[in-house]
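Heads up, the thing below is written out as structure tokens.
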Amino acid sequence: METAFTPIGSLGGGLLVGLGAVLLMLGLGRIFGATGVLSGVVFVEDRAEMRWRLALIAGMILAPGLIFLITGAMPTLSLPVSPAMVVIGGVIVGLGASLGSGCTSGHGVCGLSRLSVRSLVAVPTFMATAAITVFLIRHVFGG
Amino acid sequence: MKLVFALLTGLVFGAGIAISGIMDPAKVLNFFDVAGAWDPSLAFVMGGAVVVTFVGYRLVWRRQSPLFGGRFQLPTSTAIDGRLVGGSALFGIGWGIAGFCPGAAIPALGTGRWEVALFLLAVIAGFSLRRLLPSVLSKAAT
């Protein structure tokens, strides 16, 4: 399935993602890592910490609705994979992100910006395994 | 105020995710499909986000403390070990299978698609699996 090349929208979205990461550092002094934020509200170890994480997640979930109010259209989302693959991928993502202490937002956006050596190792690693996985599924097994 | 600030921050981040295209698994999988229907758009998401964060962090760190008190809390670990590499490798495999990552799936939940909720529940199951691992491994060792 082809998708349109969207350099302007993707760059604009990326600038806002970066702004979100900077705002969280400015306001609360924290890294914007989705894995840490999500696990912090599921496995509550500190109620005060859980409250700002819940507010952050609520804002994230409301974002597509805000875009709908402004533009009159929901952001596009098409799923080229089966629900079974969504579940299998999800479990591996959760296990991997918690073992590796971060995901695209934590290691990718925030870690690279801090020039963290761990993130400089983590990002090429997950980019490479994602590309290999897509290659195997699409071009070797023909899924 | 702190919670309102966190809500607005989530809104800015989530709007960026939604506009960027990274919450659309079709675009994510095509970004990685260099040998097929390659769509390089998402390189612009990471590029834009890292440039803003790189500059913004350095401006913010000129302050003594965050706006709402406390101190700046940055990861202190520097270990390059099997957990970091193996965990990141697994994360990439899962991302390549499902097309979602956690930071994209949370805003995607706002579109109301049930598959997104399914993905996030599976991610939480993966977190739980990780929390079970140490006890399983230590039992296996005895």
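By convention in this document, chain letters (A, B, ...) are assigned in the order of the sequence lines, proteins followed by strands, and residues within each chain are numbered from 1.
Residues A:Val81 and B:Leu29 are in side-chain contact: their nearest non-hydrogen atoms beyond the backbone lie under 4.5 Å apart. The closest side-chain heavy-atom distance from A:Leu28 to B:Phe5 is below 4.5 Å. Contact annotation: the side chain of A:Met25 never approaches that of B:Leu67 to less than 4.5 Å [non-hydrogen atoms, C-beta and beyond].
In terms of heavy-atom proximity, B:Trp95 sits nearest to A:Val93 at N-CG2, 3.4 Å. Closest heavy-atom contact between A:Ile67 and B:Ala15: CD1-O, 3.8 Å. Residues B:Thr9 and A:Leu24 come closest through the heavy atom pair CG2-N, 3.8 Å. Nearest approach of B:Pro102 to A:Thr35, heavy atoms of both residues: CG-OG1, 4.0 Å. Summarising the geometry of B:Ile106 relative to A:Ile61, their closest heavy-atom pair is O-CG1, 3.4 Å, with the distance given to 0.1 Å. The minimum heavy-atom distance between B:Gly16 and A:Leu16, with the atom names listed, is CA-CB, 3.5 Å.
Atoms CZ and CE, from B:Phe32 and A:Met127 in turn, are 5.0 Å apart once rounded to the nearest 0.5 Å. With rounding to the nearest 0.5 angstrom, the CD1 atom of A:Ile92 is 6.5 Å from the CD1 atom of B:Ile93. With rounding to the nearest 0.5 Å, the separation of CE in A:Met85 from CD1 in B:Ile97 is 6.5 Å. Taken to the nearest 0.5 Å, the CG atom of B:Leu84 stands 7.0 Å off from the OG1 atom of A:Thr125. Distance check: A:Thr104 OG1 to B:Met46 CE gives 6.0 Å after rounding to the nearest 0.5 Å. Atom-to-atom distance recorded for B:Leu129:CG and A:Leu95:CG is 5.0 Å, nearest 0.5 angstrom.
Chosen from A:Gly106, A:Gly9, A:Gly12, the residue pairing most often with chain B at heavy-atom distances under 4.5 Å is A:Gly9. Of all the listed residues (A:Gly108, A:Ser105, A:Ser101, A:Gly102), the one sharing the greatest number of non-hydrogen pairs under 4.5 Å with chain B is A:Gly108. Ranked by heavy-atom pairs under 4.5 Å with chain B, the list A:Gly89, A:Gly20, A:Ser39, A:Pro75 is led by A:Gly89. Ranking A:Leu38, A:Val123, A:Val117, A:Leu54 against chain B, the residue ahead of the rest is A:Leu38, based on heavy-atom pairs under 4.5 Å. Interface remark: of the candidates B:Gly14, B:Gly96, B:Ala98, B:Ala49, B:Ala49 forms the most heavy-atom pairs closer than 4.5 Å to chain A. Taking chain B as the reference chain and counting heavy-atom pairs below 4.5 Å, the highest number among A:Ala122, A:Ala34, A:Ala55 is found for A:Ala55. The most heavy-atom pairs under 4.5 Å with chain B, out of A:Ile132, A:Val37, A:Thr76, A:Thr129, come from A:Thr129.
A cation-pi arrangement is not found for A:Arg114 relative to B:Tyr57, the charged atom failing to lie both closer than 6.0 Å to the ring centre and inside a 45° cone about the ring normal.
With a 4.5 angstrom heavy-atom cutoff, B:Phe127 touches chain A via backbone and side-chain atoms both. Using a 4.5 Å cut-off between heavy atoms, B:Val116 contacts chain A through its side chain alone, with no backbone atom that close. Both the backbone and the side chain of B:Ala79 come within less than 4.5 Å of a heavy atom of chain A. At a 4.5 Å heavy-atom cutoff, the contact between A:Leu11 and chain B is made by backbone and side-chain atoms alike. For B:Val50, the parts sitting under 4.5 Å from any heavy atom of chain A are the backbone and the side chain alike. Within the 4.5 angstrom heavy-atom criterion, atoms from both the backbone and the side chain of B:Met23 approach chain A.
Residue pairs meeting the ring-ring contact (aromatic ring centres under 6.0 Å, His included) criterion with at least one member in residues 12-40 of chain A, sequence neighbours excluded, are A:Phe32-B:Phe13.
Salt-bridge formation is not detected for the pair A:Glu49/B:Lys2: no Lys NZ or Arg NE/NH1/NH2 atom is positioned less than 4.0 Å from an Asp or Glu carboxylate oxygen.
Of the possible polar contacts, one joining the B:Ser41 side chain to the A:Thr6 backbone as a donor-acceptor pair under 3.5 Å is found. Judged by distance alone, with hydrogens and angles left aside, the side-chain atoms of B:Asp33 form no donor-acceptor pair with the main-chain N or O of A:Val134 at under 3.5 Å. A:Ser10 contributes a side-chain N or O that, together with a main-chain N or O of B:Ser20, makes up a donor-acceptor pair within less than 3.5 Å.
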Less than 3.5 Å apart, which donor and acceptor atoms pair up between the side chains of residues 108-115 of chain B and the rest of the protein, not counting sequence neighbours?
unit_1	atom_1	unit_2	atom_2	d
B:Thr111	OG1	B:Ala108	O	2.7
B:Arg113	NE	B:Glu115	OE1	3.2
B:Arg113	NH1	A:Leu77	O	3.2

Taking it one step at a time, do A:Phe5 and B:Phe44 satisfy side-chain contact (heavy atoms from CB on, under 4.5 Å)? CA-CA 11 Å; A:Phe5 180 49; B:Phe44 290 80; 3.8 Å; yes

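If you check the side chains of A:Ser78 and B:Lys27, you find no donor sitting under 3.5 Å from an acceptor.
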